[in-house]
Protein chains: 2
Amino acid sequence: MLQILGLIGSKWSILIIGQLRDRTLRFGELHRTVNGISQRMLTLTLRQLERDGLLTRTVHPSVPPRVDYTLSELGATLLDSVVALGEWATTHRQEINDNRSRYDATHPRQPPS
Amino acid sequence: MLQILGLIGSKWSILIIGQLRDRTLRFGELHRTVNGISQRMLTLTLRQLERDGLLTRTVHPSVPPRVDYTLSELGATLLDSVVALGEWATTHRQEINDNRSRYDATHPRQPPS
DNA sequence: CGGAATCCCGGGTGATACTG
DNA sequence: CAGTATCACCCGGGATTCCG
């Protein structure tokens, strides 16, 4: 259970699954569309998602190489929840940032001596 | 956006919010019901959730001390997504574990020399 | 193009002990 | 009971370089 949540927990997993919502994407396309992810983390996260069977990895034996990533059926069952999470984050982003600012203002880290 | 997802991302956040689904809990109760969390991580995660305004922390000036944690309105708006995620994890737990085993069996870490 | 390998740092996390 | 403090470690994650 903890491991399963750990998988979902990765913000990168959420973003990647969100990107594959309704289309197949290549490695480079994911790299460009997933904001701020490094090549390393993209590779590692994709491997993990593949291992868990949430997406399928298709290698086209061409030159130059081409690798496609598509949500599996299992991955698709996660879509609704993931999309909901993403929308929640977008919707309440400002509110949360405000809360953080207010909290930080009223809870000084180093109580003034 | 990334920070917001990072917040949700924590498996502990998901589990804690799930526990507070329909009731107020004390620190010790959370410690007992959230499987495998250390006291330290429980404290830190609760602080973070409080900072973001997802839950409210109420200190009762009694002896012994008593601290109650309750979902805020904002936190409640996350409930549906979080609960859905939890149910998904429970439902597909076995399937994912099978996928992992199969993957590991067919993708040796050290290719036999 | 789509990785794998290596180096390296910061911080996330657990264990333990102490406190109001 | 509900934390805080401290130490120590592991690993998530970036930067860089090399490969098929």
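Quick note on labels: first sequence line is chain A, next is B, and so on, each numbered from 1.
Exactly one of A:Leu20, A:Leu54, A:Leu78 qualifies for a side chain to side chain contact (heavy atoms under 4.5 Å, CB included) with A:Leu49. That residue is A:Leu54.
The CD1 atom of B:Ile37 sits 12 Å away from the C1' atom of C:dG14 (whole-angstrom rounding). Spacing between atom CG of A:Leu44 and atom P of D:dG13 amounts to 9 Å, rounded to whole angstrom units. Rounded to whole Å, the distance from CG on B:Leu42 to C1' on D:dA2 is 10 Å. Distance CZ (A:Arg47) to P (C:dA5): 10 Å, rounded to an integer number of Å. The distance between atom CG of A:Asp68 and atom P of C:dG2, rounded to the nearest whole Å, is 9 Å. Distance, A:Phe27 CZ to C:dG2 C1': 6 Å, rounded to whole Å. Straight-line distance from the CD atom of A:Gln39 to the C1' atom of D:dG13: 13 Å, rounded to whole Å. Between the C1' atom of C:dG14 and the CG atom of B:Asn35 lies a distance of 16 Å, rounded to the nearest Å.
When the side-chain nitrogen and oxygen atoms of B:Arg26 are compared with OP1 and OP2 of D:dA2, one or more of them lie within a distance under 4.0 Å.
For B:Thr77 (side chain) and B:Leu74 (main-chain N/O), a donor-acceptor pair under 3.5 Å exists by modelled atom type. Side-chain atoms of B:Thr106 come within 3.5 Å of backbone atoms of B:Tyr103 as a donor-acceptor pair (strictly under, hydrogens ignored).
Heavy-atom nearest nucleotides on DNA chain C were determined for A:Arg40 and for A:Arg57, and the one closer to the 5' end corresponds to A:Arg57. Remark on DNA chain C: of its neighbouring residues A:Pro65 and A:Thr43, the 5'-side contact belongs to A:Pro65, judged by nearest-heavy-atom nucleotide.
Ion pairing of A:Asp68 with A:Arg66 is present here, as a side-chain N (NZ or NE/NH1/NH2) and a carboxylate O approach within less than 4.0 Å.
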